[in-house]
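Here the structure is laid out as structure tokens; the discussion comes afterwards.
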Amino acid sequence: MLGKLFRIMHTAPHAVVGKHFLVKPITVQYPEEKLTLPEGYRGIHVFDIERCKGCAACARVCPNNCIEIKVSTTEDRKKKIEKYEIFLGRCMFCGLCEEFCVGGDVIRLTKDYEVAGSTRKDLVYDIKRLSRHKEEEK
Ligand code: SF4
Ligand code: SF4
């Protein structure tokens, strides 16, 4: 009886390991390999300054107060975006800024999720960084 129990205890783990030899792994070798993200995944923003109306609706709707925008008016009464920053350290990627954007997709969330930094400043995305993102997305 004890011998039988020992044999079961001895072979059961091997059977489990053996079964997994035949199953395709669900893990990937990140960062060399990356998972295919589902449609609608919300990652780092992309911002199109040329199309922005400077209305600040995105900043007002943001529940975490992540967006800072400064707008001036030119002599010919056009709006000029002086500053547009998103503090990703506080962003919860809810997508409300995109949803309520008056210009229509001027601010948009991409599938890029690699947000990392060692200081607060590293997580502040200004116009240049958000626009560069646009270049990379093409
Ligand atoms: S995704 Fe949400 S939390 Fe992040 S900036 Fe947009 S509105 Fe704010
Ligand atoms: S809501 Fe859209 S158009 Fe208005 S300031 Fe924000 S990004 Fe620009």
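Remember, it's 1-based here, ligands and their atoms both numbered in the order they're listed. Positions are given from 1, in the same order as the sequence printed here. Just so you know, these numbers use all the heavy atoms, side chains as well, and skip hydrogens, waters and symmetry mates.
The residue from K79, E82, K80, K83 that alone fulfils the side chain to side chain contact (heavy atoms under 4.5 Å, CB included) condition with V71 is K79.
Residues I67 and C58 share a closest heavy-atom pair of CD1-O, 3.8 Å.
Of all protein N/O/S atoms, those lying under 2.8 Å from atom 2 (Fe) of ligand 1 come to 1.
Of the inter-residue distances, the one linking R90 atom CZ with C62 atom SG reads 8.0 Å to the nearest 0.5 angstrom.
For R120 and F87, the positive end sits near the middle of the six-membered ring, less than 6.0 Å away and at most 45° from its axis.
In this structure, M92 is not a member of the same hydrophobic cluster as L109, with clusters built from ILVMFWY side-chain heavy atoms closer than 4.5 Å. Following chains of ILVMFWY side-chain contacts shorter than 4.5 Å, one cannot reach L96 starting from I107, and the two form parts of different hydrophobic clusters.
For the pair R42 (side chain) and C94 (backbone), a donor-acceptor distance under 3.5 Å is present. Listed for the D112 side chain is a donor-acceptor partner under 3.5 Å among the backbone atoms of E114.
Of all atoms in ligand 2, numbered sequentially from 1 with element shown, those under 4.0 Å from a heavy atom of A56 are 4 (Fe), 5 (S). Close approach of ligand 2 to V102 is summarised as follows: ligand atoms under 4.0 Å from at least one heavy atom of the residue are 1 (S), 2 (Fe). Residue I69 has at least one heavy-atom neighbour below 4.0 Å for each of these atoms of ligand 2: 5 (S).
Scanning the protein for heavy atoms near atom 3 (S) of ligand 2, the closest one is K53 N, 3.4 Å. Considering only non-hydrogen protein atoms, atom 5 (S) of ligand 1 sits nearest to H45 NE2, 3.7 Å. Here the protein heavy atom with the shortest distance to atom 6 (Fe) of ligand 2 is C58 SG, 2.3 Å. Closest to atom 4 (Fe) of ligand 2 among all protein heavy atoms lies C55 SG, 2.2 Å. At the shortest separation from atom 8 (Fe) of ligand 2 among protein heavy atoms lies C52 SG, 2.4 Å.
C101 lies apart from atom 4 (Fe) of ligand 2 in this respect, since none of its N, O or S atoms is found at a distance under 2.8 Å.
Two residues are said to be in side-chain contact when any heavy atoms from C-beta on lie closer than 4.5 Å; C101 and D105 fail this criterion. Counting heavy atoms from C-beta on, the side chains of F100 and R60 never come closer than 4.5 Å.
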